[in-house]
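A short worksheet on the structure shown next.
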Amino acid sequence: MDDKNLLKEFTNKEEKIIIDGVPHISQLPELQRGCEVTSLSMLLQYEGIATDKMTLAKKIYKIPFRDANYVRGNPYDGFVGDIYTFSKSGYGVYHGPVANLAETFLPGKIKDVTGQPFQAVTALLDSGSPVWVIINSTFAPLPESEFTTWKTNTGDVKITYNEHSVVIVGYDENYLYINDPLGSSGYKPVSRKAFEQAWIQMGSQAIGIQK
């Protein structure tokens, strides 16, 4: 990445980091549940990788919504259910399978900072990497009533049907700037405090590119 793509502004000693040129891609209409792979396509295309959301939707590792014993799938293991339409059962996918897919395009360059403090996200942004994250569609903490626990063959997992994925493209003291695959345009400002709390609530999942 050229230095010109990383814009730093200082106003009253407040630093604002914006990574210029991250493409905004809509998951609709083809991928009603494809926020995770669509966000990944933004990250990979920014890195100059010639791929798209439909290719990634085909390649992401998938598991059934329920197996033969009616046990639900675990999004930490693969994309659960149908990625294309709400008319069939499905949920989504968490960081591990997404990082594994990204690694096939950029071997040795994927940095999964899941479980680390939010400073790991801002460090990636400081280095010039947009950051793929799991969040919820409100970008703010959800009440516990919005969550349920699934018992899966690989352990219990806490899920919410408000689960979503976006790409963080910048930050300042009060705001994060995101490319939302359900949004009409990119570089949308959202409350940093509320977003960070919601991100932690969703398991502190984040992936960037090693610079």
Side-chain angles (χ1 to χ4, degrees), residues 1-8 15-27 31 33-63 74-80 83 92-135 163-172 176-181 183 186-188 192 195-196 199-200 202-211:
M1 188 201 73
D2 296 335
D3 289 343
K4 62 182 173 60
N5 286 352
L6 185 61
L7 307 180
K8 296 184 180 182
E15 185 175 14
K16 180 178 181 178
I17 299 290
I18 295 289
I19 300 174
D20 193 32
V22 183
H24 177 261
I25 301 169
S26 175
Q27 70 188 75
L31 300 175
R33 287 197 187 91
C35 56
E36 302 96 343
V37 295
T38 304
S39 291
L40 179 60
S41 72
M42 299 186 214
L43 184 64
L44 292 176
Q45 285 188 20
Y46 177 75
E47 288 296 310
I49 302 299
T51 191
D52 57 46
K53 64 181 183 181
M54 300 307 291
T55 298
L56 299 178
K58 184 178 180 180
K59 288 180 175 289
I60 190 72
Y61 184 72
K62 300 177 184 72
I63 57 177
N74 189 331
Y76 285 106
D77 297 334
F79 192 98
V80 178
I83 195 171
V93 63
Y94 286 166
H95 70 103
V98 173
N100 290 340
L101 178 56
E103 184 74 21
T104 67
F105 291 92
L106 289 170
K109 292 191 67 178
I110 302 305
K111 190 168 185 179
D112 188 342
V113 297
T114 297
Q116 297 184 31
F118 196 78
Q119 287 85 340
V121 173
T122 56
L124 280 167
L125 294 163
D126 289 344
S127 76
S129 172
V131 183
W132 175 101
V133 297
I134 290 291
I135 190 68
E163 182 262 349
H164 193 36
S165 175
V166 302
V167 177
I168 305 177
V169 295
Y171 74 95
D172 58 31
L176 296 173
Y177 300 88
I178 64 171
N179 275 9
D180 179 0
Y187 290 76
K188 172 185 175 180
R192 177 172 172 172
F195 191 102
E196 285 188 27
W199 176 74
I200 291 169
M202 293 299 296
S204 303
Q205 302 181 62
I207 300 165
I209 309 297
Q210 183 74 54
K211 296 294 182 177

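Sequential numbering from 1 along the given sequence is applied to the chain's residues.
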Taking all non-hydrogen atoms of both residues, which atom of [X] and which atom of [Y] are closest, and how far apart?
{"X": "Leu43", "Y": "Pro130", "answer": "CD1-O, 3.3 Å"}
{"X": "Leu101", "Y": "Thr104", "answer": "O-OG1, 2.6 Å"}
{"X": "Gly128", "Y": "Tyr46", "answer": "O-CE2, 3.9 Å"}
{"X": "Gly92", "Y": "Pro75", "answer": "O-CB, 3.7 Å"}

Heavy-atom side-chain proximity of [X] to [Y] below 4.5 angstrom:
{"X": "Val121", "Y": "Leu124", "value": "no"}
{"X": "Asp172", "Y": "Tyr177", "value": "yes"}
{"X": "Val133", "Y": "Ile168", "value": "yes"}
{"X": "Ile178", "Y": "Val167", "value": "no"}
{"X": "Ser41", "Y": "Thr38", "value": "yes"}
{"X": "Leu106", "Y": "Glu47", "value": "yes"}
{"X": "Tyr187", "Y": "Val169", "value": "yes"}
{"X": "Asn179", "Y": "Trp132", "value": "no"}

Counting distance only, does the side-chain N/O of [X] pair as donor-acceptor with the main-chain N or O of [Y] below 3.5 Å?
{"X": "Lys53", "Y": "Ser26", "answer": "yes"}
{"X": "Lys62", "Y": "Ile60", "answer": "yes"}
{"X": "Asp112", "Y": "Ala99", "answer": "no"}
{"X": "Ser165", "Y": "Ser39", "answer": "no"}
{"X": "Glu36", "Y": "Val93", "answer": "yes"}
{"X": "Gln27", "Y": "Leu31", "answer": "yes"}
{"X": "Asp77", "Y": "Ile63", "answer": "no"}
{"X": "Gln205", "Y": "Ile134", "answer": "no"}

Quick one: [atom1] on [X] to [atom2] on [Y], what's the gap to the nearest 0.5 Å?
{"X": "Thr122", "Y": "Glu15", "atom1": "OG1", "atom2": "CD", "answer": "9.5 Å"}
{"X": "Asp52", "Y": "Leu40", "atom1": "CG", "atom2": "CG", "answer": "11.5 Å"}
{"X": "Leu56", "Y": "Phe105", "atom1": "CG", "atom2": "CZ", "answer": "5.0 Å"}
{"X": "Met202", "Y": "Phe195", "atom1": "CE", "atom2": "CZ", "answer": "11.0 Å"}
{"X": "Ser127", "Y": "Gln210", "atom1": "OG", "atom2": "CD", "answer": "7.5 Å"}
{"X": "Ile110", "Y": "Ile207", "atom1": "CD1", "atom2": "CD1", "answer": "7.5 Å"}

Discussion item. For the residue pair Asp180 / His164, report whether a side-chain donor-acceptor contact shorter than 3.5 Å exists.
Written reply: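 Yes.
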
Discussion item. Quick one about Tyr94 and Asn74 (side-chain donor to acceptor, distance below 3.5 Å, no hydrogens or angles considered), yes or no?
Written reply: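 Not at all, the side chains of Asn74 and Tyr94 share no donor-acceptor pair under 3.5 Å.
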
Worksheet item: Sequence neighbours excluded, which residues qualify as ring-ring contact (aromatic ring centres under 6.0 Å, His included) partners of Phe79?
Response: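 Phe79 satisfies ring-ring contact (aromatic ring centres under 6.0 Å, His included) with no residue once adjacent residues are dropped.
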
Item to complete: Under the ring-ring contact (aromatic ring centres under 6.0 Å, His included) rule, collect the residues that match up with Phe118, sequence neighbours excluded.
Response: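 Expected list: Trp199.
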
Worksheet entry | Non-neighbouring partners of Ile200 that pass side chain to side chain contact (heavy atoms under 4.5 Å, CB included), sequence neighbours left out |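 Scan of Ile200 (side chain to side chain contact (heavy atoms under 4.5 Å, CB included), adjacent residues dropped) gives Ser204.
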
Discussion item. Apply side-chain hydrogen bond (donor to acceptor under 3.5 Å, both in side chains) to residues Tyr171 and Asp126 and explain how you reach the verdict.
Written reply: CA-CA 9 Å; Tyr171 74 95; Asp126 289 344; 2.6 Å; yes

